[in-house]
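Everything on this sheet refers to the single structure shown next.
A, B, ... follow the sequence lines: proteins, then strands. Residue 1 opens every chain.
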Number of protein chains: 2
Amino acid sequence: MDAEPINDVFVADCPGRHVLDHVTSRWATLLIGALAEGPQRFYLLRDRIGGISEKMLSQTLRVLARDGLVAREVEPDSPPKVTYRLTPLGEELAAHLSGLIGWIAASTDDIITAQGRYDAAKSRS
Amino acid sequence: MDAEPINDVFVADCPGRHVLDHVTSRWATLLIGALAEGPQRFYLLRDRIGGISEKMLSQTLRVLARDGLVAREVEPDSPPKVTYRLTPLGEELAAHLSGLIGWIAASTDDIITAQGRYDAAKSRS
DNA sequence: CAGAATCCCAGCAGATACTG
DNA sequence: CAGTATCTGCTGGGATTCTG
């Protein structure tokens, strides 16, 4: 309501830039991508995302929950059951990231080929 | 052609994961986004991307060039002129990232609101 | 099972200075 | 203008341990 907030990601230290940093942080992209397949429990997420530690999983989850992208649901059972799901806002984001992830899967071979060309050109002084 | 290479980003240390790391690295997303607006000179990119240092700009540019996403063109003039442009592969990527950047610009306000709710709920012990 | 807390290190990234 | 080189610090993130 007050003036217009600067959400342009190209401007340093503006809110939009911080959002970009959250969303493209090392694990957030994979986490959103994993949750796009459906709500999941903590340990399932850990198994799905190769290489993530429990610390980074819970830390990233907390940031995304704070941003309103992920919802956390606790069923108070004897063995605690906690489920994470995307919020509607998170689903929108997931659509974009899933597209990106799909493109990577399809293009990685081309990129590796390009790397080979680049390295070969460099080694020829 | 040989077997199937593992390009699934969810698998640790596979080629696809490395590509994801490049593409979502701190500056690469903004750099691709900036180049999506058209080929640009070095100093223009630096001015466009708030907060980037020359070191990180040239470093990120080099990684993306190696991946075959960005092309570097030198006109050997007295004042050196170097232009960077997206390759066709880079254009494909830019389409995905521009969508993401647009979503962020549109959703940042919602996210800030969510952060406020989250923090308020926490402070009430 | 689902985390929080602590310790600790590698490497990302910034500042500065120099070069073609 | 368009970088590279070096130095250094800061912090992202891993390993481990502990709790409800």
| task | Tell me, with the steps shown, if B:Thr83 and B:Gln40 meet side chain to side chain contact (heavy atoms under 4.5 Å, CB included). | result | CA-CA 5 Å; B:Thr83 303; B:Gln40 289 177 63; over 6 Å; no
Quick one: [atom1] on [X] to [atom2] on [Y], what's the gap to the nearest 0.5 Å?
X: B:Leu35; Y: B:Leu97; atom1: CG; atom2: CG; result: 11.5 Å
X: A:Leu86; Y: A:Leu69; atom1: CG; atom2: CG; result: 8.5 Å
X: A:Ser107; Y: B:His96; atom1: OG; atom2: NE2; result: 7.5 Å
X: B:Leu45; Y: B:Leu31; atom1: CG; atom2: CG; result: 6.0 Å
X: A:Arg26; Y: B:Asp21; atom1: CZ; atom2: CG; result: 6.0 Å
X: B:Arg66; Y: B:Leu64; atom1: CZ; atom2: CG; result: 11.5 Å

| query | At how many degrees, to 10°, do the end axes of the helix from C:dC1-D:dG20 to C:dG20-D:dC1 meet when each uses five pairs? | reply |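 Its terminal axes enclose an angle near 50°.
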| said: Does A:Val82 form a side chain to side chain contact (heavy atoms under 4.5 Å, CB included) with A:Phe42? I'd like the steps, not just the answer. | reply: CA-CA 7 Å; A:Val82 182; A:Phe42 187 85; 5.6 Å; no
| field | Contact boundaries on DNA chain D for chain A, cut-off under 4.0 Å to non-hydrogen atoms | value | D:dG13 to D:dG20
What's the [atom1]-[atom2] distance between [X] and [N], to the nearest Å?
X: A:Glu73; N: C:dC1; atom1: CD; atom2: C1'; value: 17 Å
X: A:Tyr84; N: C:dA2; atom1: OH; atom2: P; value: 8 Å
X: B:Arg62; N: C:dC12; atom1: CZ; atom2: P; value: 13 Å
X: A:Leu61; N: C:dA2; atom1: CG; atom2: P; value: 11 Å
X: A:Arg41; N: C:dG3; atom1: CZ; atom2: C1'; value: 13 Å
X: A:Leu57; N: C:dA2; atom1: CG; atom2: P; value: 10 Å
X: A:Arg46; N: C:dA2; atom1: CZ; atom2: P; value: 9 Å
X: A:Asp21; N: C:dA13; atom1: CG; atom2: P; value: 10 Å

| Using a cut-off of 4.0 Å between protein heavy atoms and nucleotide atoms, how would you tag nucleotides 14-20 of chain C 5' to 3' with B, S and -? | BB----B
| message | Would you say CG of B:Asp13 has more than 12 non-hydrogen atoms from neighbouring residues, nucleotides or ligands within 6.0 angstrom? | response |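 No, because the 6.0 Å sphere around CG of B:Asp13 holds 12 heavy atoms or fewer from other groups.
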| task | Give a yes or no on whether A:Leu100 and A:Ile112 share a hydrophobic cluster (residues Ile, Leu, Val, Met, Phe, Trp, Tyr; joining criterion: side-chain heavy atoms under 4.5 Å apart). | result | no
| request: Would you name the heavy atoms of B:Leu89 and A:Trp103 that are closest together and state the gap between them? | output: O-CZ2, 3.6 Å
